[in-house]
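Take a look at the structure set out below.
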Amino acid sequence: MTSKTLTVPAVALGTWAWGDSGEVGDGYFGSQLTASGLREVVEKAQSNGFTLWDTAVVYGMGRSESVLAQALKGYARSEYQLSTKFTPQAAGDGDDPVADMLEQSLDRMGTDYVDLYWIHNPADVARWTPLLIPLLQSGRIKHVGVSNHNLKQIALADQILGEAGFRVEAVQNHYSLLYRAAERAGILDHCREHDVPFFSYMVLEQGALSGRYSPAHPLPEGSSRAATYNGVLPQLQALTDRMAAIGEDRGASAADVATAWAIAKGTTPIIGVTKAGYIDGMIRARGIELADEQIAELEALADAADVDTRGWWEQEM
Ligand SMILES: NC(=O)c1ccc[n+]([C@@H]2O[C@H](COP(=O)([O-])OP(=O)(O)OC[C@H]3O[C@@H](n4cnc5c(N)ncnc54)[C@H](OP(=O)(O)O)[C@@H]3O)[C@@H](O)[C@H]2O)c1
């Protein structure tokens with residue numbers, strides 16, 4: 001009963017910041033997103049073969065899913081893939097909180113299935129994972145993945161799904177030059193050995209590794225990401241400068257090099273896209289081949305920065 005294998009792009013698109021747009025935005029990113037700007041992002045991404053959109057109920061509490069659906073209007077459902085999440089902490093108190101949350105997502109996104117559905121975190125693997133099975137069987141979700149799970153939790157989820165003829169088909173964790181816990185814990189190796197795609201999130205550390213921000217030009221004042229990263233921008237300068245220098249020969253930016261690094265490590269980066277121009281960066285990143293020495297050099301500079309960017313929602317791996 002195992003479902004048709006998931007099609008994995010070189011780079012997926014993240015829309016957490018899209019939850020900031022509009023009247024219920026919470027200002028997490030402090031970016032100014034407009035409906036027309038997001039439509040432009042969608043058009044550019046879709047026409048360049050970037051068609052997997054990652055969102056979650058909790059990004060702007062439904063706002064990200066709604067504006068994404070709005071921006072995708074007019075495209076045939078088969079032309080794009082939707083990736084959204086069940087967040088245990090937002091579960092309702094009905095008989096089946098997973099089915100309920102999924103139905104609300106489907107409603108907001110105006111569709112009757114999700115291509116890739118994630119359990120957002122391992123709050124209670126044994127409780128939530130079994131509830132995915134009927135949703136796979138009914139076709140409401142086509143593929144499942146687990147996010148922020150450690151190796152043991154991935155194995156447990158896989159065992160529960162396996163009893164019904166399904167499996168964990170994807171893993172999504174924080175993975176960047178600055179935060180390589182998933183690699184150190186053996187999760188990347190595990191995914192490679194079991195042919196499970198690993199999606200890396202926050203490859204650009206919410207912009208801190210993009211090269212656009214520096215002590216002289218910090219992240220938007222008042223935003224959550226500014227609170228997290230502005231204090232460590234001086235420590236990141238040597239790394240972002242080196243990425244910019246590596247990119248320069250290829251007409252690429254530091255952000256493109258960071259993205260190319262995540263691809264070189266065998267992962268699929270989910271890049272938070274807020275501007276249409278960033279799609280050009282994804283196209284460049286797709287074409288950059290970093291030499292082993294460059295990868296080692298960047299990782300050494302990242303280690304020397306000595307910053308811990310583990311999110312408040314993440315457990316130790
Ligand atoms: N499963 C989970 O628990 C989890 C957690 C976090 C994120 N995610 C997913 O992963 C996605 C990515 O993470 P993220 O959005 O938090 O952070 P990110 O991808 O590390 O960084 C996104 C920010 O980087 C900047 N940026 C993006 N592309 C750029 C480019 N080509 N050149 C220069 N700057 C660029 C933008 O900042 P400006 O707008 O300031 O230019 C953007 O807001 C999320 O959107 C979400 O889908 C999942």
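If you read the sequence from its start, that first residue is 1, and numbering goes on from there. In listed order, ligands and their atoms are each counted from 1.
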### Query
Would you call the rings of Tyr201 and His174 parallel, tilted or perpendicular if under 30° counts as parallel and over 60° as perpendicular?
parallel
### Summary
Note: heavy atom closest to atom 48 (C) of ligand 1, options Tyr213, Tyr59, Trp313, Phe199, belongs to Tyr59
### Query
Taking only heavy atoms of His120, which atoms of ligand 1 are found under 4.0 Å from at least one of them?
1 (N), 2 (C), 3 (O)
### Task
Rounded to the nearest 0.5 Å, what's the gap from CG on Leu132 to CD on Gln137? Could you check?
11.0 Å
#### Entry: Side-chain donor or acceptor of Asn173 paired with backbone N/O of Asn148 under 3.5 Å
yes
### Query
Which of these, Trp53, Trp118, Tyr117, sits in a side chain to side chain donor-acceptor pair (under 3.5 Å) with Ser83?
Trp118
### Task
Provide the number and element of each atom of ligand 1 under 4.0 Å from a heavy atom of Gly207.
21 (O), 23 (C), 24 (O)
### Query
Is Asp20 salt-bridged to Arg63, cutoff N-O under 4.0 Å?
no
### Query
Going by the atom numbers of ligand 1, which of them fall below 4.0 Å from some non-hydrogen atom of Ser210?
33 (C), 34 (N)
### Query
Going by the angle between their ring planes, with limits at 30° and 60°, are Phe86 and Trp128 parallel, tilted or perpendicular?
tilted
### Query
Starting from atom 7 (C) of ligand 1, which protein heavy atom do you reach first, and at what distance in Å?
Tyr201 CD1, 3.6 Å
### Query
Of the backbone atoms (N, CA, C, O) and the side-chain heavy atoms from C-beta on, which set of Ala17 has a member under 4.0 Å from an atom of ligand 1: side chain, backbone, both, or neither?
neither
#### Entry: Any donor-acceptor pair under 3.5 Å from Gln172 side chain to Phe199 backbone
no
#### Entry: Within reach of ligand 1, part of Gln206 (heavy-atom separation under 4.0 Å)
both
### Query
Which atoms of ligand 1 are found less than 4.0 Å from any heavy atom of Asn148?
1 (N), 2 (C), 3 (O)
### Task
Would you kindly specify which portion of Thr55 sits under 4.0 Å from ligand 1, judged on non-hydrogen atoms: side chain, backbone, both or neither?
neither
### Close-contact set for ligand 1 against Glu205 heavy atoms, below 4.0 Å
20 (O)
### Query
Under a 4.0 Å heavy-atom limit, does Gln172 contact ligand 1 with its side chain, its backbone, both, or neither?
side chain
### Query
At a non-hydrogen distance cut-off of under 4.0 Å, which region of Asn173 contacts ligand 1 (side chain, backbone, both, or neither)?
neither
### Message
Students should be able to answer this: which protein heavy-atom is nearest to atom 47 (O) of ligand 1, and at what distance?
### Response
Asp54 OD2, 2.6 Å
### Query
Nearest to atom 12 (C) of ligand 1, what protein heavy atom do you find, and at what distance?
Ile270 O, 3.2 Å
### Task
Record the part of Arg225 in heavy-atom contact with ligand 1 below 4.0 Å; permitted values are side chain, backbone, both and neither.
side chain
### Message
So does Gln70 get a backbone contact from the side chain of Arg39, meaning a donor-acceptor N/O pair under 3.5 Å?
### Response
no
### Message
To check your reading of the model: name the closest protein heavy atom to atom 14 (P) of ligand 1, its residue, and the distance in Å.
### Response
Met202 CG, 4.0 Å
### Query
Nearest to atom 1 (N) of ligand 1, what protein heavy atom do you find, and at what distance?
Ser147 OG, 2.8 Å
### Query
How long is the span from the OH atom in Tyr80 to the CG atom in Leu68, to the nearest 0.5 Å?
8.0 Å
#### Entry: Exceeds 12 heavy-atom contacts within 6.0 angstrom, atom CD of Gln315
yes
### Query
Side chain or backbone of Lys275 under 4.0 Å from ligand 1, or both, or neither, by non-hydrogen atoms?
side chain
#### Entry: N or O contact, Gly272 vs ligand 1, cut-off under 3.5 Å
yes
### Task
Could you check atom 43 (O) of ligand 1 against the protein and tell me its nearest heavy-atom contact, residue, atom and distance included?
Thr274 CG2, 3.5 Å
### Atom indices of ligand 1, in the order listed, that fall short of 4.0 Å to a heavy atom of Val203
20 (O)
### Task
Would you mind checking which non-hydrogen protein atom is closest to atom 45 (O) of ligand 1, with the distance to 0.1 Å?
Trp16 N, 3.0 Å
### Message
Below the 3.5 angstrom mark, is there an N/O of Tyr278, backbone or side chain, next to an N/O of ligand 1?
### Response
yes
### Task
Apply the test salt bridge (charged side-chain N to carboxylate O under 4.0 Å, His left out) to residues Glu289 and Arg250: give CA-CA distance (whole Å), side-chain angles for both, the deciding distance (0.1 Å), then the verdict.
CA-CA 10 Å; Glu289 268 202 43; Arg250 303 160 159 105; over 6 Å; no
### Message
Rounded to the nearest 0.5 Å, what separates atom OG in Ser253 from atom CZ in Arg212?
### Response
10.0 Å
### Short side-chain to backbone donor-acceptor contact, Arg225 and Gln206, under 3.5 Å
yes
### Task
Quick one: sort the Tyr59 and Trp16 rings into parallel, tilted or perpendicular, breaks at 30° and 60°.
parallel
### Summary
Going by the 4.0 angstrom heavy-atom rule, the piece of Leu204 near ligand 1 is both
### Message
Could you measure the distance from the CD atom of Gln153 to the OG atom of Ser147? Nearest 0.5 Å is fine.
### Response
11.0 Å
### Task
For the pair Trp18 and Phe29, evaluate ring pair (Phe, Tyr, Trp, His ring centres under 6.0 Å) and give the outcome as yes or no after the intermediate values.
CA-CA 9 Å; Trp18 297 28; Phe29 286 79; over 10 Å; no
#### Entry: Within-cut-off N or O pair, Asp256 and ligand 1, under 3.5 Å
no
### Whether Met282 lies under 4.0 Å from ligand 1, heavy atom
no
### Task
Answer with yes or no whether Ile271 contacts ligand 1, where contact means a heavy atom under 4.0 Å from a ligand atom.
yes
